[in-house]
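Lettering of chains follows the sequences in order, A, B, ..., and the numbering in each one begins at 1. Side chains included, hydrogens not; waters and symmetry mates left out as well; all remaining heavy atoms used.
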Amino acid sequence: MAHTSTIAAGGAALAFPGHPPDRHFKWWIIAPAIFLLLFIGLFPLIYSLGVSFQHRTMLEDDKSFAGFLNYAQLFRDARLWQSLLHTAVITAIALPIELVLGMLMAQLFLERLPGRQVFVSLLVMPTVISPIVAGATWRLLFDNRYGPINQIIGWFAGKPVAALWTVKPDLVYPAIILCEIWQWTPFMFLILLAALSNVDKSLTEAAEIDGAGYWRIFVKIVLPAIWPVMAIALLIRGLDLVRIFDIIWALTQGGPGTMTETISIYTYVQGFQQFEVSYTAAVAFLVILMLTVIVTWAIRRMGLAK
Amino acid sequence: MTPQRPLLRRPGPVLALRYAAALALTLFFIFPVYWLFIISFKTPAEIFHFPPVWYPESIQFANYRVLFKDGDAETVWNSLVLAGVSTVIAMILGTMAAYSLVRFKTGGENLAVWIISQRMMPPIAIVFPIFLLYVYFGWVDSYHGLIILYTAFSLPYVTWMMRGYIEDIPIELEESALVDGCTRWQVLWRVVFPMARTGLFATAVFTFVFAWNDFLFALVLTRTEVITYTVQVTHYFGGQSNFWAKIAAMSVLGTVPVFFTVATLQRYLVRGISMGAVKG
Amino acid sequence: MKMLRKLTLTAAAVMAVGWTAAAWAQSAAERAVNEAKKYSGTTITIVWEAGLQSLDPLHFSGPKWKELTGIDVKVVEVATAEMFTKIMQDYRSGAAAYDALNVIPAWMPDLANAGALEVLDPYVDKYGYRDELQKIAPTYRDNQMKVGDKIFGFPDDGDVFLMYYRKDVFEDAANKDAFKAKYGYDLAAPKTWKEFDDIGQFLTDKNQPNMYGAGFFRQPPYAMYMFQERFRNEGGKFFDAESMKATINSDVGVKVFTDMRNENKFMPPGVEQWGFVENLAAFLQGQTAMTISWPPYGRWAEGYGTDQEALNWVPKTQIAGKVGYALPPGGHPELAAGFALSVSSTSKNKDAAYLFIQWLNSEDISLQRVQLPYTLRDPFRTSHYTSPEYLSRWPNAKDYLGALKAGSETGLLDLSLLQTDKYEEVLRQSISKLWGGDDPKAILDQAASDWDAITDKIGVDKQKAVYQTWAAKSGAYPQ
């Protein structure tokens with residue numbers, strides 16, 4: 001890689017050797033972003049922290065100090081931990097599928113193909129449909145009577161099939177994961193396509209001339225080249241999967257029972273519908289804590305913050 | 001030894017296979033979109049028909065006319081404005097921030113992690129404090145209020161994605177520009193932004209999409225003046241009513257502009273020039 | 001001379017009395033308009049359910065009020081699921097952006113106790129509304145207006161579950177004979193759930209897959225109301241009044257759950273996923289012979305109003321003229337959901353807001369509103385049920401209004417306690433588990449245990465007091 005030479009040689013701070021680092025420039029260009037983030041992000045954080053130590057519920061806007069009451073409650077709340085488990089399961093299954101499928105799709109469209117422009121534009125469509133509408137549409141698609149999916153399955157099976165995708169415990173997870181993959185694989189696809197297009201063709205061509213096989217080229221040259229982008233995309237997608245809400249809400253509302261209740265649905269019910277303001281704040285901090293640990297570990301492992 | 005043409009570019013059976021795969025994939029991803037769109041042309045009897053109706057009997061645009069007449073279509077415009085403006089601002093500020101992080105390691109690892117941590121906050125927990133903040137500033141139900149919010153929410157995503165794409169740019173290009181007498185500011189705009197075109201495009205698409213799809217904050221922070229498409233669409237799902245045709249027509253109105261934008265900006269997606277040419 | 005003076009005084013006295021009487025004979029609507037004129041030029045905001053419901057204030061009552069009083073009505077449309085949240089958030093944040101509110105009666109205890117609703121008694125007296133308030137149908141009037149002994153809202157929507165059935169199918173001679181032969185009693189609208197099961201199974205056996213005996217909206221949010229109704233009709237009680245322990249897992253509860261699931265078998269496959277519109281489509285297109293739902297089904301099945309653009313999403317009815325109306329099996333229908341008009345306690349225009357809701361809710365105006373073709377507001381005043389104008393709307397309207405009236409007399413209230421939503425959530429989840437295939441007894445035992453945990457957290461004594469007040473109402477349990 002051409003660009004690694006200088007940095008590898010000189011270490012972190014020696015970008016642009018020969019030109020003294022401009023102390024002010026680097027802060028000036030990042031200042032507006034930091035300011036905006038602080039402006040929007042700081043108050044909610046402090047507020048939530050404060051509230052989590054209070055007694056606020058629907059009935060009483062009780063601002064008295066409650067100590068660690070809400071945090072202690074976290075450990076006794078089985079439903080909370082189940083929702084975290086459900087979230088982890090969905091993330092663990094959907095993320096790899098989206099990555100692999102997105103990568104395959106990106107490879108497919110990397111080289112010239114007649115009508116590629118149309119294909120790619122069409123393939124991005126699922127992400128643009130509002131998740132709420134997407135969830136409602138899939139709910140209709142899955143409907144046993146008025147939706148085409150069971151109709152199509154029936155054609156293959158040769159007889160009517162009454163699969164209740166949003167009701168039966170065996171089917172709800174596949175249904176949710178299918179919708180999720182449908183909606184967000186295009187995200188991985190487009191990001192990877194952009195990253196793959198950036199790969200220096202002269203390197204891959206040189207390797208091909210030397211007789212290297214497709215797989216070797218991919219693993220040794222392409223993957224390292226797109227790794228920064230791919231890792232970040234995985235990170236972003238993973239974080240978003242943790243926050244999955246609309247699709248599940250539209251399909252099952254977290255049911256049957258609380259079987260498909262993820263952490264977002266649980267906090268929605270607690271915080272939005274039932275106004276357990278203080279407890280929800282405590283849950284939020286638990287989630288932030290867990291995510292921070294995971295993300296920091298992930299960032300180190302992926303070598304993203306050298 | 002004459003070099004073989006790369007596997008995927010060979011004509012004949014491989015191309016045909018690729019095409020078949022492309023069609024199959026597009027079919028899978030587009031089918032639900034198709035189903036949604038044709039609902040905007042179906043009669044209620046066709047929407048709730050057993051067995052399901054795959055193609056409406058007639059294409060009539062009455063549902064679209066109604067949306068414009070009643071002013072609902074305006075909400076699509078609101079969403080476009082909010083998402084569009086916040087995307088542009090976020091792309092500029094975020095790319096600048098990314099450049100600072102990549103080339104100058106500003107703030108070290110901690111600043112970078114802090115930036116991405118903003119995306120870890122569960123929205124439900126922060127929506128009410130932000131509402132309080134906005135009540136205080138008088139920004140509830142305003143365009144600028146939501147634009148500022150979406151910009152702030154997009155920054156972590158833009159910053160981190162552009163980090164990756166900027167790292168791919170050979171630093172020699174920037175160095176030679178500096179040698180040529182450019183200021184750092186000019187290097188940023190004349191070298192970095194153009195070279196990062198593909199990344200900018202890919203990132204911008206989803207920055208827009210994330211802002212476009214937001215429901216929770218648009219719900220809480222608006223009342224009557226700035227209703228977004230996502231909020232308006234939920235008005236069509238009643239306890240005792242379900243305006244499917246409007247839902248579908250609104251979705252078409254919303255996705256078509258985005259489709260065309262993505263289609264026309266696609267040339268930025270694939271960089272045609274080989275890096276070897278630049279090095280010379 | 002003395003005679004003349006006497007006459008003049010008498011005349012003056014008579015005129016004075018007459019004039020005062022005339023002033024008080026003013027209808028509540030007229031009085032509201034007259035009093036509101038002094039607020040001309042101001043704007044009041046009202047929170048209303050988004051979509052079809054809000055067409056009333058947007059196209060009819062809002063513009064009319066503006067015309068009469070000069071007050072602008074700004075309608076804040078909110079999707080049903082978010083109404084409670086937005087009202088609470090507005091209240092808690094001090095934003096004070098709403099003047100008048102639409103409130104589902106089951107929420108009233110929570111909202112009133114939190115302090116978000118204005119007590120309306122002073123205004124009712126000030127503007128002379130007691131009389132017309134009395135004329136609201138008894139079940140709504142006595143059960144959906146007050147928390148404790150204070151008025152917090154005016155019932156404004158006669159939501160009630162009615163049974164709708166295919167009169168033509170039930171009156172068909174071949175059907176009648178075959179049914180009588182098999183079951184030994186006459187084919188008629190079912191009075192008990194056992195009869196319902198017999199009839200449903202019979203009709204499905206005979207007619208499927210073109211028509212099934214019945215269909216219901218089985219999605220948990222809707223089925224929850226049906227469970228509350230059926231459970232009480234079959235003798236169940238939600239709590240033990242003394243200990244405040246939940247008793248939904250009694251034998252009655254288990255029977256109801258088991259029967260509900262068994263009934264799905266003679267309904268169209270996939271009925272567990274049905275919401276309001278799926279069920280409506282099936283019934284209106286002649287695919288189910290019986291169903292239970294809110295009053296709009298009854299109007300739309302006869303084609304009333306469905307030629308309006310606002311209702312163009314309703315599948316065209318194929319059963320006009322063939323619809324029969326009855327009370328659901330058990331005879332005590334659920335007054336599911338409903339709406340009341342309230343004033344926000346943080347409003348800056350309380351009088352103007354109050355006068356608007358008095359006007360909306362008054363005898364004259366409410367009669368017009370419930371007859372709007374696109375309305376979702378159902379008759380709720382005794383005068384509505386006997387209005388000649390309404391009766392003339394479609395041939396069968398008298399049966400429809402008769403059934404609604406009967407429902408308003410025997411109807412059952414939604415359970416309404418502190419933090420009702422938590423209890424309802426348990427019921428919704430239980431129903432989704434029922435469709436998922438779990439054992440009814442296990443589900444209900446878990447539900448009862450969850451209910452007890454909620455009660456403990458709120459405070460047993462506190463909740464007990466609220467429950468006993470609720471249970472004492474005429475509409476809490478079948479009398």
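At a 4.5 Å heavy-atom cutoff, the contact between A/L141 and chain B is made by side-chain atoms alone. At a 4.5 Å heavy-atom cutoff, B/L17 makes no contact with chain A through either its backbone or its side chain. For A/A134, no part lies near chain B; criterion is any non-hydrogen pair under 4.5 Å. Heavy-atom distances place both the backbone and the side chain of B/F28 under 4.5 Å from chain A. Of the two parts of A/I181, only the backbone, made up of N, CA, C and O, holds a non-hydrogen atom closer than 4.5 Å to a non-hydrogen atom of chain B. Contacts between B/L93 and chain A at a heavy-atom distance below 4.5 Å involve backbone atoms as well as side-chain atoms. Of the atoms belonging to B/V158, not a single heavy atom falls under 4.5 Å from chain A. Interface remark: B/L111 contributes side-chain atoms only to the contact with chain A (heavy atom separation under 4.5 Å). Residue B/T234 touches chain A through its side chain alone, counting heavy-atom pairs closer than 4.5 Å. Of the two parts of A/L122, the backbone and the side chain both hold a non-hydrogen atom closer than 4.5 Å to a non-hydrogen atom of chain B.
Proximity of A/Y47 to B/I130: side-chain heavy atoms (C-beta onward) are nowhere separated by under 4.5 Å. A heavy-atom distance below 4.5 Å is found between the side chains of A/I288 and B/P122. Side-chain atoms of A/Y146 and B/I47, non-hydrogen and from C-beta on, never get closer than 4.5 Å to each other. At least one side-chain heavy atom of B/W160 sits less than 4.5 Å from a side-chain heavy atom of A/I299. Looking at A/Y266 and B/I124, their side chains never come closer than 4.5 Å, going by heavy atoms from C-beta outward.
A/W184 and B/F210 have their aromatic ring centers within a separation under 6.0 angstrom. Taking the six-membered ring wherever Trp is involved, the centroid distance between the rings of A/F43 and B/Y134 does not fall below 6.0 Å. Between A/F39 and B/F137, the ring centre distance stays below 6.0 Å.
The aromatic rings of A/F187 and B/F206 sit perpendicular, their planes meeting at an angle over 60°, well past the 30° parallel limit.
Residue with the most contacts toward chain B among A/G271, A/S52, A/G147: A/G147 (heavy-atom pairs, distance under 4.5 Å).
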